[in-house]
> 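Following this message is one structure expressed as structure tokens.
The first residue of the sequence shown is numbered 1, and numbering continues consecutively from there.
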Amino acid sequence: DVARASERARAETSMSMDANASPAKASAILIKAAETAATVSIWIVLSAGVILFNKYILSVYGFPFPIALTMIHMSFCSMLAFVLVR
């Protein structure tokens with residue numbers, strides 16, 4: 001009897017959860033997940049691009065100051081983040 005009661009309660013709970021889930025809410029969750037995946041993908045591609053660009057500057061142009069290059073990069077990123085946040 002206890003097993004049947006718990007099975008019935010579990011079935012009622014799952015049915016009520018399905019009834020409360022709206023297609024609009026599911027769609028919003030999928031859109032948010034897609035936006036997050038796109039943002040992470042763009043971040044990875046841009047990061048790889050910065051690494052390759054820095055390698056190009058240091059090897060082809062013979063820029064002798066790798067720490068200064070990193071400081072310029074971080075300063076630019078900080079200013080851009082400040083502008084985007086405002």
> Output the distance between atom SG (C77) and atom CD1 (I72), rounded to the nearest 0.5 Å.
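It is 12.0 Å, given to the nearest 0.5 Å.
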> Under a single-linkage rule joining Ile, Leu, Val, Met, Phe, Trp and Tyr whose side-chain heavy atoms are separated by less than 4.5 Å, which residues share a cluster with L58?
F53, I57, F63, F65, L69
> Say you draw a straight line from CE of M71 to OG of S78; how long is it, rounded to the nearest 0.5 Å?
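Here the interatomic distance stands at 11.0 Å.
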> Decide if atom CD1 of I67 counts as having more than 12 heavy atoms of other residues, nucleotides or ligands within a radius under 6.0 Å.
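Incorrect, the count does not exceed 12.
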> Taking atom NZ of K32 and atom CD1 of I29, what is their separation to the nearest 0.5 Å?
11.5 Å
> So does W43 get a backbone contact from the side chain of S47, meaning a donor-acceptor N/O pair under 3.5 Å?
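No.
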